[in-house]
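Written out below as structure tokens is the structure these notes cover.
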Amino acid sequence: MARIKPQALLNQSKKKKGPARISATTIFLCNLVVLVIILSLVATYRHWSQRSKNQPGSGLSTFEDTADSSADSKKYDLPGYAILNTSKGYITVELYKDGSPMIVDKFLDLCQKGYFKGIPFHHVIKHYVIQAGHSQGLGAAEDWTTKGKLHSRLATSPKHEAFMIGTSKTRDSTGFELFITTAPIPDLNDKILVFGRAVKGEDVVQEIEEVDTDEHYRPKSPVGINGVTLKREI
């Protein structure tokens, strides 16, 4: 057997004990993974930090804001105008969705159910109001029949002007009474809930006001509402 020289044994030992070489590709991939983890942690921290600022305390702010936004969106999706098709012509009513939302909602619901189709104007009080509905009583307009023509010196506000649209403040089991004023009425807010105003067809309101009535302010010839058309814009 041939002998191995001491120098050759030393060289073989160095080769066996030398560390394995790591490729540059492996180093690059490891660094990339570490960088991605660090960026993810930073983004997560910023997200929760911003969220905690927007939701101090209870954490209900986002829900409340979303609910408010949904309510506002729903409100402004509702029709803003109602066109009354009367036996004398058309009356366009602007609805006060912001000022009287509950009354407007009820009015719109009744319109969609066809409540106002064929409803009569059963009382006409000149220089005051015309009243439509299924009730045969004067209701909110009862004491207006005893008053004389209003004087211009009486203080009025926008809700006291002519051609305002309202309904009775008292709950009436017979339905929904519709009032259209034909003159400024200072105590209007004490009598009815105003939820709109006639913006077109004022001449039609005045024509209805001029119909002949009996001593109880009931029209001698039928006059009423044939139907209602709802629109978002006009």
Side-chain angles (χ1 to χ4, degrees), residues 67-125 127-135 137-141 144 156-209 223-234:
D68 291 342
S69 299
S70 299
D72 290 341
S73 176
K74 181 179 179 181
K75 178 173 64 176
Y76 288 104
D77 282 343
L78 293 174
Y81 298 88
I83 301 175
L84 309 181
N85 177 13
T86 77
S87 51
K88 297 292 185 180
Y90 292 93
I91 303 170
T92 301
V93 177
E94 178 186 3
L95 302 173
Y96 293 160
K97 295 187 290 184
D98 292 329
S100 305
M102 294 181 65
I103 301 300
V104 170
D105 283 347
K106 182 177 180 181
F107 174 76
L108 293 175
D109 182 59
L110 291 173
C111 288
Q112 292 170 347
K113 292 178 179 178
Y115 174 83
F116 296 99
K117 185 176 182 180
I119 202 170
F121 285 100
H122 55 77
H123 283 93
V124 174
I125 307 172
H127 309 302
Y128 278 92
V129 69
I130 59 177
Q131 180 182 357
H134 292 297
S135 170
L138 281 166
W144 289 343
T156 62
S157 74
K159 283 193 174 184
H160 297 153
E161 296 176 0
F163 309 114
M164 306 308 293
I165 314 297
T167 189
S168 176
K169 282 188 173 183
T170 59
R171 292 188 178 182
D172 188 350
S173 58
T174 60
F176 189 97
E177 291 297 298
L178 187 68
F179 296 88
I180 305 177
T181 64
T182 61
I185 302 177
D187 62 349
L188 182 63
N189 288 341
D190 296 333
K191 295 295 180 184
I192 65 175
L193 296 170
V194 174
F195 66 91
R197 179 178 184 175
V199 293
K200 288 183 182 180
E202 294 92 333
D203 56 329
V204 176
V205 176
Q206 291 172 332
E207 189 173 350
I208 296 173
E209 181 188 25
V223 57
I225 299 173
N226 300 322
V228 180
T229 302
L230 301 176
K231 290 191 174 183
R232 286 200 178 105
E233 297 179 356
I234 57 171

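- At least one donor-acceptor pair closer than 3.5 Å links the side chain of T182 to the backbone N or O of Y128.
- For the side chain to side chain donor-acceptor pair (under 3.5 Å) with D109, the qualifying choice from Q112, K106, K113 is K113, the only one to do so.
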Working for side chain to side chain contact (heavy atoms under 4.5 Å, CB included), residues L178 and I225: CA-CA 11 Å; L178 187 68; I225 299 173; 3.9 Å; yes
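- Here the side chain of Y115 pairs a donor or acceptor atom with the backbone of F176 at under 3.5 angstrom.
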For side chain to side chain contact (heavy atoms under 4.5 Å, CB included), just list the numbers for F195 and M102, CA-CA rounded to whole Å, side-chain angles, deciding distance to a tenth of an Å, and then say yes or no. CA-CA 9 Å; F195 66 91; M102 294 181 65; over 6 Å; no
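- Residues satisfying the ring pair (Phe, Tyr, Trp, His ring centres under 6.0 Å) test with F121, not counting sequence neighbours, are none.
- Residues H122 and H134 form no side-chain contact, since every pair of their non-hydrogen atoms from C-beta on lies 4.5 Å or further apart.
- Closest approach of L193 to S168, counting heavy atoms only: CD1-O, 4.2 Å.
- One distance of note links NZ of K200 with CD1 of I83; it measures 8.0 Å at 0.5 Å rounding.
- In terms of modelled atom types and a separation under 3.5 Å, the side chain of S87 and the main chain of G224 share a donor-acceptor contact.
- Closest heavy-atom contact between K88 and I208: CG-CG1, 3.7 Å.
- Annotation for A198 and I91: closest pair CB-CG2, 4.0 Å, computed over non-hydrogen atoms.
- Taking both residues in full, the closest heavy atoms of A183 and H127 are given as CB-O, 3.0 Å, listed atom of the first, atom of the second, then distance.
- Counting heavy atoms from C-beta outward, L230 and L108 have side chains that approach closer than 4.5 Å.
- Between P79 and L95, the shortest heavy-atom contact is O-CD1, 3.9 Å.
- Side-chain contact between I234 and V199 is present, with at least one heavy-atom pair separated by less than 4.5 Å.
- In terms of heavy atoms, V124 sits closest to E209 at CG1-O, 3.5 Å.
- Put simply, the residue from I192, T167, V194 that forms a side-chain contact (heavy atoms from CB on, under 4.5 Å) with I103 is T167.
- To the nearest 0.5 Å, atom CD1 of residue I130 and atom OG1 of residue T86 are 8.0 Å apart.
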Is there a side chain to side chain contact (heavy atoms under 4.5 Å, CB included) between L84 and V204? Walk through the geometry before answering. CA-CA 10 Å; L84 309 181; V204 176; over 6 Å; no
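- T181 contributes a side-chain N or O that, together with a main-chain N or O of E161, makes up a donor-acceptor pair within less than 3.5 Å.
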Assess whether side chain to side chain contact (heavy atoms under 4.5 Å, CB included) is satisfied between L78 and D105, documenting all intermediate values. CA-CA 9 Å; L78 293 174; D105 283 347; 3.4 Å; yes
Tell me, with the steps shown, if E177 and H123 meet side chain to side chain donor-acceptor pair (under 3.5 Å). CA-CA 11 Å; E177 291 297 298; H123 283 93; over 6 Å; no
